[in-house]
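The structure appears right after this line, and notes come after that.
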Amino acid sequence: MPPLPQCAKLAPVKEAYIAAKERWARKLAGKEKPAVRSENRLPPGQRQVHNFPVLDLGIKPELPPEKWSLKIHGHVENPVTLDWAQFMALPQFTDVSDFHCVTTWSQFDMEFQGVAFFSIADLVKPKPSATHVFFKSHDGYSTNNPLEVMLDDDVLIAHSWNGAPLPAEHGGPARVIVPKRYAWKGAKWVREITFLDRDILGFWEVRGYSNTADPWTEDRFS
Ligand SMILES: Nc1nc2c(c(=O)[nH]1)N[C@H]1C(S)=C(S)[C@@H](COP(=O)(O)O)O[C@H]1N2
Ligand SMILES: [Mo]
């Protein structure tokens, strides 16, 4: 019997991380074909809009870039706190994706530019124990996602939208975008990212919203 391939011995998250890294290498080299989208791009129960509504907790933090920082820590080898210049010096990534809000509006073909979450992970190097990621924002908001979800090749921390700096009401100077989840899974005005060895529920997740938040199965409430 041939020996098991090396990856079969690795923890599942480690395998997911390596698979994501390979996908990213292909994508950044321009070799990755765009992901096959569903025939019908509109998830069930959603309607398409052509504006970009604003949803927040009634607080709009004022964050000039010189006051901005992003702390990234937890179960990682290299915890960092990035200032704006350091964040902007990371590899830049542009991706067009659809945006689905749980309040039933979807907007197609949103062009976001920023830093791929994968580049962030590559910088801080998650330990094998890291399984989940928790986000904290300047308005007191928080949300959480499995690390595997965050390593998808359309997930980014966006600083620009349709070629212009992300407006403050949409989370500027920088927000998280997780296209395959309802939009509450993407923290606006993100200030802290913690890699965890377990799941911790965020602001809406403790208030009855689904923890998985998959628009295609209408996974809205828990
Ligand atoms: N910091 C922060 N992030 C947040 C929210 C929030 O209130 N505060 N609302 C979430 C929800 S419910 C949605 S639908 C989207 C809305 O983003 P938008 O206002 O840019 O449309 O942001 C998500 N991220
Ligand atoms: Mo939302």
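What you see is a predicted model, and the numbers here were worked out from it, not measured in a lab.
- Contact check for Thr94 versus Gln92: no side-chain heavy atoms found under the 4.5 Å cut-off.
- What you find for Trp68 and Ala174 is that their closest heavy atoms are CZ2-CB, 4.0 Å.
- Here the closest heavy-atom approach between residue Asp214 and residue Lys180 is recorded as OD1-O, 4.3 Å.
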**Report entry** side chain to side chain contact (heavy atoms under 4.5 Å, CB included) between Phe195 and Lys127, intermediate numbers included
**Finding:** CA-CA 9 Å; Phe195 287 72; Lys127 292 183 177 171; over 6 Å; no
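- Shown here are the side-chain contact (heavy atoms from CB on, under 4.5 Å) partners of Leu55, two or more places apart in sequence or in another chain: Pro53, Cys101, Thr103, Trp105.
- At a threshold of 4.5 Å between non-hydrogen side-chain atoms, the residues Asn78 and Leu123 do not count as touching.
- Ser210 places a side-chain N or O within 3.5 Å of a backbone atom of Thr212 that can act as its donor or acceptor partner.
- By the 4.5 Å heavy-atom criterion applied to side chains, Arg181 and Val155 are not counted as neighbours.
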Report task. Would you check, one step at a time, whether the test side chain to side chain contact (heavy atoms under 4.5 Å, CB included) holds for Ile177 with Phe99? Result -> CA-CA 9 Å; Ile177 296 289; Phe99 191 100; 4.1 Å; yes
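- A donor-acceptor pair under 3.5 Å is formed between the side chain of Arg220 and the backbone N or O of Val102.
- With Gln107 contributing its side chain and Asn51 its backbone, the two residues share a donor-acceptor pair below 3.5 Å.
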Query raised in the report: Going through the distances and angles, do Ser97 and Asp154 end up as a side chain to side chain donor-acceptor pair (under 3.5 Å)?
Result: CA-CA 7 Å; Ser97 57; Asp154 53 4; over 6 Å; no
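- Across all their heavy atoms, Arg175 and Leu166 have their closest contact at CG-CD2, 3.5 Å.
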Report task. Apply side chain to side chain contact (heavy atoms under 4.5 Å, CB included) to the pair Trp184 and Tyr141, showing each step before the final yes or no. Result -> CA-CA 10 Å; Trp184 88 79; Tyr141 190 79; 3.3 Å; yes
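- Counting all heavy atoms, side chain and backbone alike, Pro43 lies closest to Pro215 at CB-O, 3.4 Å.
- Contact check for Thr131 versus Leu147: no side-chain heavy atoms found under the 4.5 Å cut-off.
- Under the 4.5 Å side-chain criterion, counting only non-hydrogen atoms from C-beta, Tyr182 is not in contact with Tyr209.
- Taking both residues in full, the closest heavy atoms of Asp122 and Tyr17 are given as OD1-OH, 3.3 Å, listed atom of the first, atom of the second, then distance.
- When atom types are taken as modelled, the side chain of Ser106 and the backbone of Gln48 share no donor-acceptor pair closer than 3.5 angstrom.
- Every side-chain contact (heavy atoms from CB on, under 4.5 Å) that Pro167 has, sequence neighbours left out, goes to Trp161, Glu169, His170.
- The main-chain N or O of Asn144 is found under 3.5 Å from a side-chain atom of Lys185 such that the two form a donor-acceptor pair.
- Note that OG of Ser142 and CZ of Phe135 are 11.0 Å apart. Values are rounded to the nearest 0.5 Å.
- Heavy atoms from other residues, nucleotides or ligands lying under 6.0 Å from NZ of Lys125 number more than 12.
- Residues Phe117 and Ile193 meet the side-chain proximity criterion, which asks for heavy atoms closer than 4.5 Å.
- With hydrogens and angles disregarded, no donor-acceptor distance shorter than 3.5 Å links the side chain of Glu192 to the backbone of Val190.
- Looking at Gln86, its side chain does come within 3.5 Å of a backbone N or O of Asp83 through a donor-acceptor pair.
- Within the 4.5 Å cutoff, no side-chain heavy atoms of Glu62 are placed close to those of Trp189.
- Remark: the Glu205 side chain and the Thr143 side chain contain an N/O donor-acceptor pair separated by less than 3.5 Å.
- Side-chain contact check for Arg23 versus Phe118: every heavy-atom pair is 4.5 Å or farther apart.
- Nearest heavy atoms, Phe203 versus Arg207: O-NH1, 2.8 Å.
- A distance-only check finds no donor-acceptor pair linking the side chain of Asp95 to the backbone of Glu111 [under 3.5 Å].
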